[in-house]
Amino acid sequence: MICPNCGSPALVKRGYCEKCGHDLSMQRKAHKLAHYYYNKGLARARIHDLYGAISMLKRSIELEKEFVDARNLLGLCYFEIGEAACALREWIVSKNIKDNNPMADRYLSIISNNQTKLKNYKLAISKYNSGLSLCRQGGFDLALIQLKKAVTLNPDYVKAWQLLAIVYLTDGDYERARKCLRRSLKTDIANPVSLRYMKEIRDERYKKASDYVNIPEPSEEDRDALRILNGKPLTADIRPNYSYRDSTGDTKVFLSLLSGILLGIMVVYFLVVPGIRQSLKQDYLSEQKKYGDEMTQYLTRMDSLEKENASLVSKLEMSDMTVSELQAKIKSLSDEKHFNHVLAMVKYFIEISSGEEEPSEFEMYMLRKYMEAVTESEKSAPEAKAMWDMVVSTYPDVLKATVAGSILFEKGKEYYDKGDNTNANKMFLFCYGESPDNEENLYHLAKTYQLLKDNTNAKKYYQEYKNKFPAGSYITEVEEWLNSVS
């Protein structure tokens with residue numbers, strides 16, 4: 001450690017500076033406490049309690065600013081929860097504190113060597129900030145779109161999952177909110193914010209499941225009845241009222257009872273029964289109308305299903321046509337080799353149209369490329385023209401199909417990683433047509449030409465890379481190759 005009095009190196013075990021004699025007991029305690037918090041943070045990080053680990057490591061750094069191990073671990077914890085900017089900050093500070101820092105060098109090299117992932121992290125942070133701003137303005141629908149993109153770009157972004165759960169809670173979708181919080185807890189198992197939101201969801205669901213009934217206050221008579229049932233004394237002295245009446249020969253009571261019964265029957269027949277009949281009639285008409293609407297929807301649905309079935313049958317019949325049959329038809333026109341582009345177009349058309357799902361944007365774009373390769377002389381043949389019209393009638397917008405250059409680059413990268421340089425070169429060339437200023441695509445396009453022994457095109461695109469990106473990531477390798485072939 002460094003003595004704060006004279007600035008010279010001093011041993012922590014001594015407790016004082018050997019040069020100036022300054023008391024280092026406080027610095028010694030701070031040093032021990034910093035290592036204690038570092039060990040606590042390391043233990044929590046191992047069990048994926050990243051929030052607790054970050055709090056412990058921050059305390060360690062507050063006690064000892066130049067503790068590079070704590071800074072490296074803190075950056076790693078930030079990176080695990082999706083805070084890539086905070087992680088880079090800690091690693092860069094650690095690198096500036098100590099030049100010989102292999103862990104910081106390793107983490108920074110991993111990030112710098114994968115520009116695509118770093119770009120995704122930056123874009124995820126941007127989407128999260130946009131979603132947060134929209135939530136503050138009340139635009140929860142737009143915020144939902146931004147946050148879904150953020151968690152797609154960075155699935156471990158804990159803050160984005162938590163904000164997405166809040167948006168779902170605002171809409172009352174507790175099940176999706178609970179899934180988002182579970183995903184955040186999968187990354188950080190003891191995050192207090194996620195745990196608090198989970199508790200809120202449980203409490204809210206419990207309130208909805210419970211039915212609260214307001215019971216009115218019992219009257220005085222009800223209280224007395226309860227006391228009698230429970231064997232307790234009454235609140236007041238209640239005395240029975242005894243009376244005696246001779247009921248013999250009382251015909252008036254019988255007549256009044258009979259007249260009351262007849263009056264009740266008449267009221268029910270003339271007043272109640274018509275109302276019941278009218279209600280039943282209305283219910284019948286309502287059910288009849290509902291049945292008619294359902295029948296109409298059913299017939300409409302049947303009609304649409306029949307049309308869909310006819311379309312699928314036509315596609316199935318079309319898919320039964322083999323490439324050999326198509327070759328036989330075209331061969332009857334002229335030399336077979338002059339119609340390779342038409343055959344390639346039809347072969348790819350059958351491949352994508354025979355599936356159950358609609359073709360993707362990438363598949364439509366590739367079909368368009370196959371169609372653009374067909375020459376006018378090939379299209380002039382009647383059979384070829386019929387096949388062209390068949391493709392256009394099935395997919396009217398196929399000649400307008402476009403796709404993002406990033407998708408083409410990713411497809412080419414898949415082929416490149418598998419060692420299929422021919423298909424990779426084709427995808428990189430398509431991407432170059434859509435995005436000529438894509439640095440990585442331009443380099444990989446030249447690289448595939450180099451691997452395919454086409455030095456002319458490789459030199460052309462390597463030279464273009466050098467002109468466009470004089471300070472690019474691959475400039476050293478490009479210049480070495482150009483110098484070797486010049």
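Here the closest non-hydrogen pair linking Trp388 and Met371 is CZ3-O, 3.3 Å. For the pair Ser259 and Ser256, the tightest heavy-atom approach, listed with the atom from each and the gap, is OG-O, 2.8 Å. Taking both residues in full, the closest heavy atoms of Ile201 and Ala177 are given as CD1-CB, 4.0 Å, listed atom of the first, atom of the second, then distance. When all heavy atoms of Ala53 and Ala45 are compared, the closest pair comes out as CB-N, 3.8 Å. Contact record, Cys180 with Leu164: SG-CD2, 3.7 Å, taken as the closest heavy-atom pair. The two residues Cys77 and Ile54 make their nearest non-hydrogen contact at CB-CG1, 3.7 Å.
Partners of Phe140 according to the ring pair (Phe, Tyr, Trp, His ring centres under 6.0 Å) rule, which considers only residues two or more places apart in sequence or in another chain, do not exist here. Remark: Tyr107 pairs with Trp91 by the ring pair (Phe, Tyr, Trp, His ring centres under 6.0 Å) rule, at least two apart or across chains.
Ser94 places no side-chain N or O within 3.5 Å of a backbone atom of Glu90 that could act as its donor or acceptor partner. Side chain of Ser184 to backbone of Leu181: a donor-acceptor contact under 3.5 angstrom is found.
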Which atom pairs, donor and acceptor, lie under 3.5 Å between side-chain atoms of residues 123-131 and protein residues at least two apart or in another chain?
from: Asn129; atom 1: ND2; to: Ile125; atom 2: O; distance (Å): 3.2
from: Ser130; atom 1: OG; to: Ser126; atom 2: O; distance (Å): 3.0

For a quick test of your reading: what N or O donor-acceptor pairs under 3.5 Å do the side chains of residues 108-118 make, sequence neighbours left out?
from: Ser109; atom 1: OG; to: Asp105; atom 2: O; distance (Å): 3.1
from: Ser109; atom 1: OG; to: Arg106; atom 2: O; distance (Å): 2.7
from: Ser112; atom 1: OG; to: Leu108; atom 2: O; distance (Å): 3.0
from: Ser112; atom 1: OG; to: Ser109; atom 2: O; distance (Å): 3.1
from: Asn113; atom 1: ND2; to: Ser109; atom 2: O; distance (Å): 3.0
from: Asn114; atom 1: OD1; to: Lys117; atom 2: N; distance (Å): 3.2
from: Gln115; atom 1: NE2; to: Ser112; atom 2: O; distance (Å): 2.7

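Exactly one of Thr422, Asp420, Asn425 qualifies for a side-chain hydrogen bond (donor to acceptor under 3.5 Å, both in side chains) with Thr448. That residue is Asn425.
For the atom pair CD1 of Ile166 and SG of Cys135, the computed distance is 7.5 Å after rounding to the nearest 0.5 Å. Note that CZ of Phe469 and CG of Asn438 are 7.5 Å apart. Values are rounded to the nearest 0.5 Å. The CG atom of Asp188 sits 10.0 Å away from the CD atom of Glu80 when rounded to the nearest 0.5 Å. Atoms CG and OG, from Leu408 and Ser406 in turn, are 8.0 Å apart once rounded to the nearest 0.5 Å. Atoms CD1 and CG, on Ile81 and Asn191 in that order, are 7.5 Å from each other to the nearest 0.5 Å. Rounded to the nearest 0.5 angstrom, Met103 CE and Asn72 CG are separated by 6.5 Å.
Between Asp293 and Lys289, no side-chain nitrogen of the basic residue sits less than 4.0 Å from a carboxylate oxygen of the acidic one, so the salt-bridge criterion is not met. Taking the charged nitrogens against the carboxylate oxygens, Glu287 and Lys290 have no contact shorter than 4.0 Å, which rules out a salt bridge.
Within the 4.5 Å cutoff, the side chain of Asp173 has heavy atoms near those of the Glu175 side chain. For the pair Met427 and Asn423, the minimum side-chain heavy-atom distance is 4.5 Å or more. In this structure, the side chains of Tyr432 and Leu442 come closer than 4.5 Å at one or more pairs of heavy atoms. Inter-residue side-chain proximity for Cys431 and Glu434 is flagged as unmet; no heavy-atom pair is nearer than 4.5 Å. Contact check for Leu169 versus Tyr174: side-chain heavy atoms found under the 4.5 Å cut-off. Put simply, the side chain of Trp161 does not reach to within 4.5 Å of the side chain of Leu185, judged on heavy atoms. Proximity of Met364 to Asp397: side-chain heavy atoms (C-beta onward) are nowhere separated by under 4.5 Å. A heavy-atom distance below 4.5 Å is found between the side chains of Met198 and Arg182.
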Item to check | Verdict with reasoning, Tyr121 to Leu153, per side chain to side chain contact (heavy atoms under 4.5 Å, CB included) | outcome: CA-CA 7 Å; Tyr121 288 150; Leu153 292 167; over 6 Å; no
Next on the checklist: Run the ring pair (Phe, Tyr, Trp, His ring centres under 6.0 Å) test on Tyr415 and Phe428 for me, step by step, so that the C-alpha distance in whole Å, both residues' side-chain angles and the decisive distance to 0.1 Å come before the verdict.
Outcome noted: CA-CA 10 Å; Tyr415 287 124; Phe428 292 144; 9.2 Å; no
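Between the side chains of Gln162 and Ser194, at least one donor-acceptor pair of N or O atoms lies under 3.5 Å.
Between Phe349 and Tyr370, the ring centre distance reaches or exceeds 6.0 Å.
Under the 6.0 Å distance and 45° angle rule, Lys411 counts as a cation-pi partner of Phe362.
Residue pairs satisfying the side-chain hydrogen bond (donor to acceptor under 3.5 Å, both in side chains) criterion with at least one member in residues 45-60, sequence neighbours excluded, are listed as follows: Lys58-Tyr78. Sorted by first then second residue, the salt bridge (charged side-chain N to carboxylate O under 4.0 Å, His left out) pairs that include residues 156-167, not counting sequence neighbours, are Glu83-Lys159, Asp156-Arg183.
Ring planes of His444 and Tyr416: perpendicular class, angle over 60° (limits at 30 and 60°).
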